[in-house]
Each structure stands twice: as structure tokens, then as C-alpha cells.
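By convention in this document, chain letters (A, B, ...) are assigned in the order of the sequence lines, proteins followed by strands, and residues within each chain are numbered from 1.
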2 protein chains.
Amino acid sequence: MGMDERKFRILQAIIDDYILTAVPVGSRTISKKYDMGLSSATIRNEMSDLEELGYLDQPHVSAGRIPSAKAYRLYVDQLLHQGLLHSDTESAVRAHFLGRMRQMEDVIDHAAQVLSSLTNYTAVVLPPSGPQPRIRTLQLVPVSSTAALVVIVTDSGIVRDTVIRVSDQLDSDALYAISKTLTKELSGRTLNEAVELLPLITGRMQQGEKLLQGLNSFFQENAGASHNHVAIGGRSNILNYPEYSDTEKARSFLSLMETRDKLASIISQQGEMAFTVRIGPETGVPEMADCSIVTATYSTGNGQQGTIGVIGPTRMQYDKVLSILGTMGHQLSEMFRED
Amino acid sequence: MGMDERKFRILQAIIDDYILTAVPVGSRTISKKYDMGLSSATIRNEMSDLEELGYLDQPHVSAGRIPSAKAYRLYVDQLLHQGLLHSDTESAVRAHFLGRMRQMEDVIDHAAQVLSSLTNYTAVVLPPSGPQPRIRTLQLVPVSSTAALVVIVTDSGIVRDTVIRVSDQLDSDALYAISKTLTKELSGRTLNEAVELLPLITGRMQQGEKLLQGLNSFFQENAGASHNHVAIGGRSNILNYPEYSDTEKARSFLSLMETRDKLASIISQQGEMAFTVRIGPETGVPEMADCSIVTATYSTGNGQQGTIGVIGPTRMQYDKVLSILGTMGHQLSEMFRED
DNA sequence: TGTTAGCACTCACCTCGGTCGAGTGCTAAC
DNA sequence: GTTAGCACTCGACCGAGGTGAGTGCTAACA
């Protein structure tokens with residue numbers, strides 16, 4: 001007994017129905033609603049086979065069937081092998097991106113918002129990361145007599161700025177001179193390289209010590225994994241779905257959503273694939289035993305990669321989500337490219 | 001029949017117990033657990049009086065009593081008239097603030113985090129606002145050949161930075177020269193004043209047009225209400241409490257938490273008081289009919305004011321919350337002062 | 001006059017048994 | 001190979017009865 005065409009069509013109908021209703025689906029439903037030209041009894045036989053093959057689960061003996069993780073996997077792989085961009089999705093995403101966007105963080109916040117409102121699931125957007133960004137410009141801006149703001153511009157946009165203490169003998173012009181020196185010496189370097197070079201450069205300057213300290217810790221902080229800012233949208237969307245009407249489950253899910261770095265490591269994609277779909281146990285996170293995570297990547301002009309993802313119940317509308325993620329990924333890539 | 005000392009003690013016991021258990025409290029509980037030296041029958045009589053006075057509600061005839069909003073109000077007013085800083089609270093807050101903090105946004109994010117974890121309720125922190133901040137320094141940092149980052153430092157810290165387009169004939173030195181001019185002319189002005197002055201200044205420069213456009217829209221955006229960044233911590237804490245085990249209620253609460261500006265306007269404090277406590281209907285927000293909102297203010301060195309707040313069920317641990325908010329407010333004020 | 005013990009009464013909550021209906025598996029007929 | 005029919009299973013729903021926490025009232029007591 002193998003998996004033939006007809007079995008597959010039936011399985012697909014079951015998945016579609018279950019995704020919409022969250023109710024175990026019975027043979028009669030399929031034969032009536034999906035117009036297969038088969039009676040419920042026949043469907044029943046096929047469903048029995050599908051269960052034996054591991055594609056269906058039966059919560060209890062007389063409750064209809066629900067798709068297993070394996071079924072979703074099959075379904076998704078199928079989706080991935082065919083083109084999936086609905087054209088109306090494309091325009092919906094575009095419409096949401098009107099209006100000027102400013103900084104990276106605004107962009108990814110906005111993206112998460114849009115993604116969640118389009119899908120009705122929880123959305124996560126990770127900022128670009130990848131090959132170490134290289135310093136383009138470094139500038140010190142006076143804040144008070146003893147403090148300055150360090151702004152580093154990298155080839156992938158502004159990384160970060162922070163206030164550091166400086167000697168009070170440095171006025172605006174002196175800071176500008178230092179900025180020029182530092183930019184000249186560090187331009188084209190990665191942050192890690194900068195950490196090493198820094199003592200050599202500041203050693204040659206008079207007012208170097210305080211500066212060195214401040215810059216050093218700043219570089220080191222930012223050289224590490226840059227999952228600083230994770231944007232999350234539609235946290236409470238998960239409560240739309242009956243699988244999370246159990247408060248305890250909702251709680252653990254939502255508090256997972258609050259620990260950004262944990263979330264980032266769950267979402268962040270390993271390989272180079274355009275899409276990743278992890279279903280139920282495949283997520284590797286107990287709190288998400290009956291969630292699926294779908295992610296896509298986008299890239300910036302200089303080859304850095306970011307991830308966007310959607311988290312929802314296993315009975316997720318995979319086709320729609322994949323399509324939206326695809327569009328959104330393109331949109332983001334384009335947006336970062338033109339900077 | 002008035003409100004005497006004994007009635008008040010009984011009411012207090014009822015509130016305390018209800019805050020801890022969320023279960024309607026009966027006369028027997030009070031007489032046994034709170035050691036009043038009175039029998040349950042006596043307590044019963046008093047409770048009956050308290051109900052008539054409007055301090056207690058009875059969900060149904062044989063279910064014990066729960067405190068009314070009026071009772072919480074009395075209880076809170078009482079708290080406010082006595083010193084309330086537990087010394088251990090103070091040190092707990094301090095301990096959480098170790099480690100260097102960087103920018104305003106980091107600080108308030110962190111504050112929200114700490115506040116929610118100390119109280120186990122949902123915490124909200126609004127950034128300082130108030131008298132228009134005045135420009136201290138303005139600097140343009142080159143980003144690419146046609147774009148520059150504008151950084152404005154105000155007397156209350158960094159306001160914002162954004163990337164604007166500039167003529168491609170402006171190199172780093174030219175930008176610096178412009179920065180110096182702009183700083184000289186605009187220093188001490190508010191953003192609104194700057195919007196007016198800008199054309200006059202840039203009119204005298206060659207490359208003014210593009211710059212003017214960019215700076216103008218930047219100023220205008222930031223001159224408006226600066227509730228840009230609202231920090232929220234412990235969103236899902238509300239699910240700890242049985243009054244929100246109803247999923248529908250939790251949903252509406254949580255989605256309210258996602259609309260930052262709405263939230264900001266709810267939280268933001270009108271008067272000049274150190275503390276505000278709004279109980280149940282006093283919040284004026286239907287979604288929060290059985291929530292209380294407690295807020296406190298902090299202030300920056302230059303007289304700007306920010307708000308910190310905690311949202312929880314009406315049976316909130318007011319004493320603890322007020323105490324923590326007080327400490328946190330001081331801590332934040334101090335932190336912003338020394339900048 | 002205030003306090004207390006006792007008692008009848010109320011009502012949410014739990015449990016239990018019964019019914020209902022969706023859905024299955026099996027068998028026999030087409 | 002497909003379908004109709006039927007017995008069977010089991011969760012969901014409903015209503016009845018029991019339980020217990022808590023009240024109000026009354027009468028007795030200090």
C-alpha cells in the first residue's frame with residue numbers, strides 16, 4: 001500500500017479543512033464538502049490507510065482525524081515545489097510599505113507589524129547579520145563637556161551609537177579631528193579588527209585613555225552576535241486559535257515571546273535556503289510542540305542576511321504564509337539594497 | 001452607622017486576603033486567619049455594614065465578599081498618606097540597575113523589564129516629555145556620498161537621528177562646517193523654533209535645498225508629541241491572574257498592549273502628582289474594567305517628566321507596587337540627572 | 001448594648017448517569 | 001473496487017443530586 005494520487009488529494013482536503021476549522025475532520029465532511037466523487041465509506045477506507053501510513057492521527061476512536069506533523073511536512077514540501085506567490089498578496093504587502101522608513105529598527109518593527117496583520121499569526125523579524133559589517137565612518141559628536149556620542153556607520157547602515165565619557169579638554173573641533181583620524185585608520189575594517197587596532201591608534205594621541213575604554217567596550221558589544229533588536233508583531237494573535245485557549249499554554253508561549261534572545265536563536269535560520277518550515281516537534285522547543293515556524297530570508301546590499309518568520313499553530317495556512325513571507329522578503333531586500 | 005476603626009481593620013484584612021487569593025473572602029476566614037479577637041458572627045455583622053456602605057460587593061448571596069473599587073480607593077489613599085518605601089524594595093531595584101546603561105530607550109526598556117519582574121504585573125514606561133527640549137548640538141555625519149546622518153543632541157539627551165539625502169558635493173569637512181554653523185544658530189532653540197529658523201539659515205548656504213527639506217521634516221516629526229517609544233514589560237503577566245483566565249478578556253487586554261500610542265495616552269499622567277492610582281472604571285477604558293493602573297513620575301535634569309506605570313487586576317498589591325514605583329522613579333530621575 | 005452561638009437557607013461547584021450525535025470499522029451487496 | 005447499512009465507540013452536553021462555604025436572623029449571654 002503506497003501513497004497514490006487519490007490518497008494525496010484526500011489528505012490535502014483534510015489538511016485544508018482542518019486548517020480552517022481546527023476541528024477533527026470526518027469522512028463524511030470530505031466526501032460532501034470537497035466534491036471528490038467518492039462516498040464517505042471509500043474515504044473512510046483511504047483515511048484508515050493514511051493513518052496507518054502516519055499521515056493522520058485520531059484523537060480518539062470516533063472523532064475524525066487530524067493531520068500529523070508528517071502530513072504537514074508533505075503538504076509544505078509540495079507547496080515549496082510549486083510557485084506560490086498570489087499576486088494579490090504581493091500588492092497587499094506593497095501597500096503596507098508606503099511612507100518613508102527611516103532606520104533599520106523602524107523598518108524591521110514595521111515589517112513585523114505588517115507581517116502579523118497580514119497573516120494573523122505572530123511574526124518575528126531579525127535584523128540582518130552575517131559577514132562582519134565593515135566600518136565606513138566613525139564620528140564623535142559632543143554631548144556635554146565630558147561626554148560624546150560615538151556614531152559608527154557601516155557598509156550595511158548605521159550600527160549603533162552610544163555615549164561615552166571623554167576628557168573635558170576635548171571640544172567639538174578636537175573631537176572632529178579625532179574622528180577623522182579614526183575613520184581613516186579604521187575604515188574598511190570589521191569591528192573585531194577595530195578592537196585590535198584601537199590601542200595602537202589611541203596610543204599615539206594625548207587624550208586617549210578614556211576614549212579607548214569607551215570605544216573598546218562599545219566595539220566589543222556590537223561585534224558580538226547582533227541579535228540586539230528583534231521585532232515581534234501580533235503576539236496576541238496566537239490567542240485567536242483554539243489550540244491556545246488553554247491559558248497555561250498561552251502563558252508559556254507568550255513569555256517565550258518576551259525573551260528576545262531566546263526567540264532570536266529559535267528563529268534564526270541555519271542554512272541558506274529561501275524558506276524553512278519547522279512543524280511541531282521539529283522546532284525543538286517544548287513550548288512550541290504544537291506550533292509551526294515558517295521563516296524566510298532577506299538580504300542587504302552587502303550580503304548580510306536577515307530572517308523573517310511567522311509562528312502559528314501547526315494547522316497554519318502554509319500556502320498563504322509562504323506567499324506572504326516570500327513577498328515580504330523581496331520587499332525588504334529591495335528596501336535595504338537601495339540604501 | 002459610620003466607618004469606625006474596627007470596620008476599617010476588617011476591611012483591610014478582607015482586601016489583603018482577596019489580593020492574595022482572588023477568592024471571595026468569608027467572615028470565618030477573617031476571624032480565624034487575621035486574629036481579630038472577634039467571632040465570625042461579629043465580623044459578619046460588620047461586613048454587612050461595610051457592604052451597605054459600598055465597600056464590599058457580594059458576587060452572589062453565599063459567596064463571601066470582594067472589595068469594591070471604593071474599598072481599593074480608600075485602601076490606596078491610606079497607603080499614600082503614610083510612608084511606604086520598604087527598604088528591601090529599594091535595594092532590589094538598585095540591584096537590577098547595575099551595569100552601564102546606554103541610551104534613553106535602553107534605559108526605559110530596561111526599567112519596564114525590571115518593573116514587571118519585581119511586581120509580577122504588566123509594566124509600562126514612558127520616556128520623558130514636557131517642556132520642549134532645546135537643541136544643544138547638531139551634527140551631520142557622512143553615510144554615503146549622497147546621504148548623511150543627522151544627530152541632534154538636546155539638553156535632555158539624544159533625541160533622534162535620521163538619514164537624509166544631501167548634495168553629493170558635500171564631503172565630510174563640508175558637512176562638519178555646516179554642522180558648526182547650524183549648531184551655532186540653533187543651539188538653545190526648541191525644535192519648533194528651529195523649524196522656523198531653518199530656511200533663514202540654509203538660505204545663506206549654497207547646497208541648502210536638499211538639506212533644508214530633510215532637516216525640516218526631521219524636526220517636524222520630532223517636535224510633535226514624543227511618545228515614540230513606549231516600553232512595555234511583562235505583557236503576559238496578566239495571565240497569571242485568574243480574572244484573566246477568560247481568553248477573550250486576555251485577548252482584548254493583550255491587543256490593547258500592542259497599540260503603543262493608545263497605551264501611552266492611557267498611561268500618561270495629567271497632573272503633577274507623585275502617584276496616580278486609577279481603579280477599575282476610573283481608568284476610563286472598557287478593556288480595563290477590572291484592572292487598576294498605578295503610575296508615578298520621574299524627571300530629568302531639565303524638568304522634563306516621564307511616567308512609569310503598572311497595570312494589574314484591581315486586587316493589586318498596592319502597597320508593594322507603590323513602593324516599587326516610588327523607588328524606581330527616584331532611580332530613574334537620578335539616572336537621567338547625572339547625564 | 002455589644003458579642004456570640006446556633007440554625008436554616010442559599011447557591012456555586014462537583015460528580016454522576018443518561019442521552020445525543022458524529023464518526024468509525026466491518027460486512028455484505030453491487 | 002465501491003457503496004450502503006449497521007453496530008459500536010466515545011466525547012459533548014444536560015440535568016439531578018449532593019456538598020460545603022458562607023450568609024442572615026434570632027436568641028442567649030456578659
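Asp4(B) contributes atom CG, which lies 6.0 Å from atom CD of Glu46(B) (distance to the nearest 0.5 angstrom). With values rounded to the nearest 0.5 angstrom, Ile43(A) atom CD1 is found 13.0 Å from Ser48(A) atom OG.
Rounded to whole Å, the distance from NZ on Lys33(A) to P on dG23(C) is 11 Å. We find that CG of Leu50(A) is positioned 12 Å from P of dT24(C), with the value rounded to whole Å. The CG-P distance, from Asp17(A) to dG23(C), rounds to 10 Å in whole Å. As a whole-Å value, the separation of Arg6(B) CZ from dT1(C) C1' is 12 Å. In this structure, CD1 of Ile66(B) is placed 16 Å from C1' of dT23(D), rounded to the nearest angstrom. Rounding to whole angstrom units, CG of residue Asp4(B) and P of dT3(C) are separated by 9 Å. Taking atom CE on Met36(B) and atom C1' on dG2(C), their separation rounds to 18 Å, with Å as the unit. Per the geometry, NZ belonging to Lys32(B) stands 17 Å off C1' belonging to dT4(C), to the nearest Å.
Annotation for Asp35(A): atom CG does not count as buried by contact number, only 12 or fewer foreign heavy atoms lying within 6.0 Å. Shown here is Arg9(A), whose CZ atom has more than 12 heavy atoms of other residues, nucleotides or ligands within 6.0 Å. Within a 6.0 Å sphere centred on NZ of Lys262(A), other residues, nucleotides and ligands contribute 12 heavy atoms or fewer.
When each of Ile293(A), Thr295(A), Asp261(A) is checked for a side chain to side chain contact (heavy atoms under 4.5 Å, CB included) with Ile266(A), only Ile293(A) meets the rule.
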**OP:** Check the pair Val285(B), Leu256(B) against side-chain contact (heavy atoms from CB on, under 4.5 Å), reporting the backbone distance first and the verdict last.
**Re:** CA-CA 10 Å; Val285(B) 188; Leu256(B) 180 61; 4.2 Å; yes
**OP:** Report the C-alpha separation of Glu282(B) and Arg73(B) in whole Å, then their side-chain angles, then the decisive distance to 0.1 Å, and conclude whether the side-chain contact (heavy atoms from CB on, under 4.5 Å) test is met.
**Re:** CA-CA 10 Å; Glu282(B) 296 172 18; Arg73(B) 165 57 53 206; 2.7 Å; yes
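For Arg28(A), no side-chain nitrogen or oxygen approaches OP1 or OP2 of dT3(D) to under 4.0 Å.
Using modelled atom types, one finds a donor on one side chain and an acceptor on the other under 3.5 Å when comparing Asp16(A) with Tyr75(A). When only modelled atom types and interatomic distance are considered, Asp17(A) and Tyr34(A) share a side-chain donor-acceptor pair under 3.5 Å.
Ring geometry for Tyr318(A) versus Tyr72(A): interplanar angle of 30 to 60°, hence tilted.
Paired runs in DNA chain C that reach 3 or more consecutive Watson-Crick or G-U pairs, where each pair keeps both distances under 3.5 Å, cover C:1-30 with D:1-30.
Contacts of residues 54-65 of chain B with DNA chain D (heavy atom under 4.0 Å): Gln58(B), Val61(B), Ser62(B), Gly64(B), Arg65(B). Using a 4.0 Å cutoff on non-hydrogen atoms, the parts of residues 38-48 of chain A near DNA chain D are Leu38(A), Ser39(A), Ala41(A), Thr42(A), Arg44(A), Asn45(A), ordered by number.
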